Amino acid sequence: MNLSARNSRGFTLAELVMVVALIAVLATMALPVAKFTVKRHKEAELRLALRQIRTAIDEYKRMSDQGLIPLTVGGEGYPENLEVLVEGVEIVGQETKMRFLRRIPIDPMTGDDWVLRSYQDDLDTTSWGGENVYEIRTSSDGVAIDGTKYADW
């Protein structure tokens, strides 16, 4: 066997170390980009979920103000809970139910329940009074890419 043929068959240790180092540098650069992309995707999901639920609450309130949905005492025309938006309510003078949401979106930041506010709650309290659902927000204490708190969205 020729000596030059034997040496040309494989890689040297130096070549393997260089390739591994290059892959490590590229992986180190790609990780923050991947984390940023995941965070941006979750923020988009949060904005969509908040928009869907708030639009449903506003539509419920509008129909209640028009007299199409019977008012409950102390409800101020807002739904009693989020489940009412999914289950639906009977429209006055009709036998059909009006549904405002197909399902209640899950909070993408925490995977937990939403923080609810009632119309009767004080502005500085974070606990839900339970009379109705006037507003929702995420329970996440995190900060968005733009520097705002998720809880303020």
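Nothing here was measured: the structure is a model prediction, and the numbers come from that model. Side chains included, hydrogens not; waters and symmetry mates left out as well; all remaining heavy atoms used. Residue numbers count from 1 along this sequence.
- Clustering of Ile, Leu, Val, Met, Phe, Trp and Tyr side chains at separations under 4.5 Å places L13 together with V17.
- Under the 30°/60° scheme for interplanar angles, the aromatic rings of Y134 and Y119 are found to stand perpendicular.
- By the salt bridge (charged side-chain N to carboxylate O under 4.0 Å, His left out) test, D58 pairs with no residue at all, sequence neighbours left out.
- For the pair K149 and D141, the minimum side-chain heavy-atom distance is 4.5 Å or more.
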Just distance, no hydrogens or angles: give the donor-acceptor pairs under 3.5 Å from side chains in residues 26-39, sequence neighbours left out.
| residue | atom | partner | partner atom | Å |
| --- | --- | --- | --- | --- |
| T28 | OG1 | A24 | O | 2.7 |
| T37 | OG1 | V33 | O | 2.8 |
| K39 | NZ | V143 | O | 2.9 |

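- In this structure, N81 and V84 have side chains that are in contact, with non-hydrogen atoms separated by less than 4.5 Å.
- Atom CD of E135 is separated from atom OH of Y78 by 9.5 Å, given to the nearest 0.5 angstrom.
- Under a 3.5 Å cut-off, the side chain of R137 and the backbone N or O of L116 do not form any donor-acceptor pair.
- Considering CD1 of I136 and CG of D113, their distance stands at 11.0 Å, rounded to 0.5 Å.
- Residues L48 and V86 are members of separate hydrophobic clusters, defined by side-chain heavy-atom contacts under 4.5 angstrom among Ile, Leu, Val, Met, Phe, Trp and Tyr.
- Taking OG1 of T110 as the reference point, atom NZ of K42 lies at 9.0 Å (rounded to 0.5 Å).
- In terms of the salt bridge (charged side-chain N to carboxylate O under 4.0 Å, His left out) criterion, E87 has no residue partners (sequence neighbours excluded).
- The salt bridge (charged side-chain N to carboxylate O under 4.0 Å, His left out) search around E43 returns none, not counting sequence neighbours.
- Not counting sequence neighbours, the partners of R62 by the salt bridge (charged side-chain N to carboxylate O under 4.0 Å, His left out) test are E59.
- For the pair L71 and S64, the minimum side-chain heavy-atom distance is below 4.5 Å.
- Side-chain atoms of E80 and N132, non-hydrogen and from C-beta on, never get closer than 4.5 Å to each other.
- Applying the ring-ring contact (aromatic ring centres under 6.0 Å, His included) rule to pairs touching residues 89-113 yields Y60-F100, sequence neighbours excluded.
- Heavy-atom neighbours of I106 CD1 from other residues, nucleotides or ligands within 6.0 Å: at or below the threshold of 12.
- Of all heavy-atom pairs spanning I104 and L82, the tightest one is CD1-CB, 3.6 Å.
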Donor-acceptor contacts under 3.5 Å from residues 88-96 side chains, at least two apart:
| residue | atom | partner | partner atom | Å |
| --- | --- | --- | --- | --- |
| Q94 | OE1 | T96 | OG1 | 3.3 |

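- With sequence neighbours left out, the side chain to side chain donor-acceptor pair (under 3.5 Å) criterion links Q52 to no other residue.
- When the side-chain contact (heavy atoms from CB on, under 4.5 Å) test is applied to D146, the partners found at least two apart in sequence or on another chain are R47, A144, T148.
- Listed by chain and number, the residues in a side chain to side chain donor-acceptor pair (under 3.5 Å) with T138 are D107 (sequence neighbours excluded).
- Remark: D65 engages K61 in a side chain to side chain donor-acceptor pair (under 3.5 Å) (not counting sequence neighbours).
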